[in-house]
Amino acid sequence: MSLSTREYRNERRRESQFFHKLISRNPLSPKTLEWMAENGKAYSSATLDRYGVHEGVLARYQRNGSYSPAGGFRGFVCHLSVIIIPVGPVQRCYAYELPKRERWRVIPAGYGAQWLGDLSLSELILCEGEWDLFRLHDEGFHNAITHTAGAGTFLKEWVRLFQDKNIFIVYDVDAVGLKGARNTARLLHEVANVRLVKLPLKGTPEENDVSDFFRLGGAADQLRALLREGKKYERPIFFTRRDRAFLRAGRISI
């Protein structure tokens, strides 16, 4: 799952004392591909090539360090092995050797959330994060899209991108994902045909997202059936206190 907007901003503040530089960029090595396979992130070469996924080293230097042609950067802190996903003008760096919640870095800093996938299609599957996007593409769903702000954030300025489209929201089934799906549907409902698709999972760390759905034996045809059965989003009806009194009295009906 991608960082939420709040987590991304907090990370940027925490990292503001460092200067980051990507070095030694190369195609994915057998060792990195092995780690991905062992951690539920084994994707076809076609998908990895399509999105330009590669690897490198993320060097971190203290912001107040100095540089000289002879000595290079002073104040070197560490370097991290990262999987690199180009997303718009930024490089999303996944430092897989760190604890899970600390893995994402963005180079260069200063950019907001970015979209990944082909938004020009008339029918789109909106999923939660790059890894779910890659899994959907591997399963033949080339209309999958995602953004890097996490399920908790969908910006109002994005709404115009989805005018007159058919949108299937397939977020994680934990509390954050379910709430995010409703909030996203509420915004998109004004301009698009929106369906909420709930995966038949428990919402635990082991059963939470579309990648887990396929890992646990789900098939592409099963997901297509879930998309067809997705609940069409309808704006909730809100009543004033007076309206509720009239309803109880039978003076108005719905």
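Worth saying up front: this structure is predicted, and the values here are computed from it rather than measured.
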Taking all heavy atoms of [X] and all of [Y], pick out the closest pair and write down the distance.
| X | Y | value |
| --- | --- | --- |
| Ala192 | Ile167 | CB-CG1, 4.0 Å |
| His54 | Asn26 | CB-O, 3.2 Å |
| Ala185 | Leu196 | CB-CD2, 3.9 Å |
| Gly177 | Ala151 | CA-CB, 4.1 Å |
| Thr146 | Glu128 | OG1-C, 3.8 Å |
| Pro89 | Pro108 | O-CD, 3.9 Å |

Do the side chain of [X] and the main chain of [Y] share a donor and acceptor less than 3.5 angstrom apart?
| X | Y | value |
| --- | --- | --- |
| Asp174 | Gly203 | no |
| Arg60 | His79 | no |
| Gln222 | Ala219 | yes |
| Ser122 | Lys165 | no |
| Gln91 | Ile84 | no |
| Lys202 | Val173 | no |
| Lys231 | Val197 | no |
| Asp209 | Ser211 | yes |

Next item on the list: Give me the one residue out of Tyr171, Phe162, Trp158 that meets ring pair (Phe, Tyr, Trp, His ring centres under 6.0 Å) with His147.
Entry: Trp158
I need the [X] [atom1] to [Y] [atom2] distance, nearest 0.5 Å.
| X | Y | atom1 | atom2 | answer |
| --- | --- | --- | --- | --- |
| Leu199 | Asp212 | CG | CG | 9.0 Å |
| Phe213 | Leu136 | CZ | CG | 10.0 Å |
| Leu80 | Leu58 | CG | CG | 5.5 Å |
| Glu130 | Gln114 | CD | CD | 11.0 Å |
| Cys93 | Leu22 | SG | CG | 4.0 Å |
| Leu133 | Ile85 | CG | CD1 | 9.0 Å |

Check: Can you tell me if Tyr51 and His137 form a side-chain donor-acceptor pair at under 3.5 Å?
Finding: yes
Check: Is the shortest side-chain N to carboxylate O distance from Glu55 to Arg25 below 4.0 Å?
Finding: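 Salt bridge absent between Glu55 and Arg25.
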Note to self: Salt bridge or not between Asp132 and Arg135? Use side-chain N to carboxylate O under 4.0 Å.
What the structure shows: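 No, Asp132 and Arg135 are not salt-bridged.
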Checklist line | Stepwise side-chain contact (heavy atoms from CB on, under 4.5 Å) check, Thr32 with Tyr96 | finding: CA-CA 9 Å; Thr32 302; Tyr96 54 91; 3.3 Å; yes
Next item on the list: Evaluate whether atom NE2 of His189 has more than 12 neighbouring non-hydrogen atoms of other residues, nucleotides or ligands under 6.0 angstrom away.
Entry: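 Yes, because the 6.0 Å sphere around NE2 of His189 holds more than 12 heavy atoms from other groups.
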Quick check: do [X] and [Y] have side-chain heavy atoms less than 4.5 Å from each other?
| X | Y | value |
| --- | --- | --- |
| Lys41 | Trp35 | yes |
| Gln163 | Arg160 | no |
| Leu28 | Leu48 | yes |
| Lys232 | Asn193 | yes |

Joint hydrophobic cluster, [X] plus [Y], side-chain heavy atoms closer than 4.5 Å:
| X | Y | result |
| --- | --- | --- |
| Phe141 | Leu116 | no |
| Val170 | Phe154 | no |
| Val53 | Trp104 | yes |
| Leu227 | Val210 | yes |
| Leu161 | Leu124 | yes |

Checklist line | ring-ring contact (aromatic ring centres under 6.0 Å, His included) evaluation trace for Trp131 with Tyr94 | finding: CA-CA 11 Å; Trp131 305 125; Tyr94 190 73; 5.1 Å; yes
Next item on the list: Give the intermediate values and the outcome of side-chain contact (heavy atoms from CB on, under 4.5 Å) for residues Asp164 and Val191.
Entry: CA-CA 6 Å; Asp164 299 325; Val191 301; over 6 Å; no
Notebook entry, point to check: Are Arg50 and Tyr43 in a cation-pi contact, defined as NZ or CZ under 6.0 Å from the six-membered ring centre and within 45° of the axis?
Noted result: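 The answer is no, since Arg50 fails at least one limit relative to Tyr43.
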Note to self: Using a 4.5 Å cut-off between side-chain heavy atoms of Ile, Leu, Val, Met, Phe, Trp and Tyr, which other residues end up in the same hydrophobic cluster as Val57?
What the structure shows: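 Under the 4.5 Å side-chain rule, Val57 groups with Ile23.
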Next item on the list: For Thr148 and Arg92, run side-chain contact (heavy atoms from CB on, under 4.5 Å): C-alpha distance rounded to whole Å, both residues' side-chain angles, the deciding distance at 0.1 Å, then the answer.
Entry: CA-CA 9 Å; Thr148 59; Arg92 293 266 290 169; 3.6 Å; yes
Checklist line | Check against side-chain contact (heavy atoms from CB on, under 4.5 Å), Glu38 and Glu34 | finding: CA-CA 6 Å; Glu38 291 174 351; Glu34 181 180 358; 3.3 Å; yes
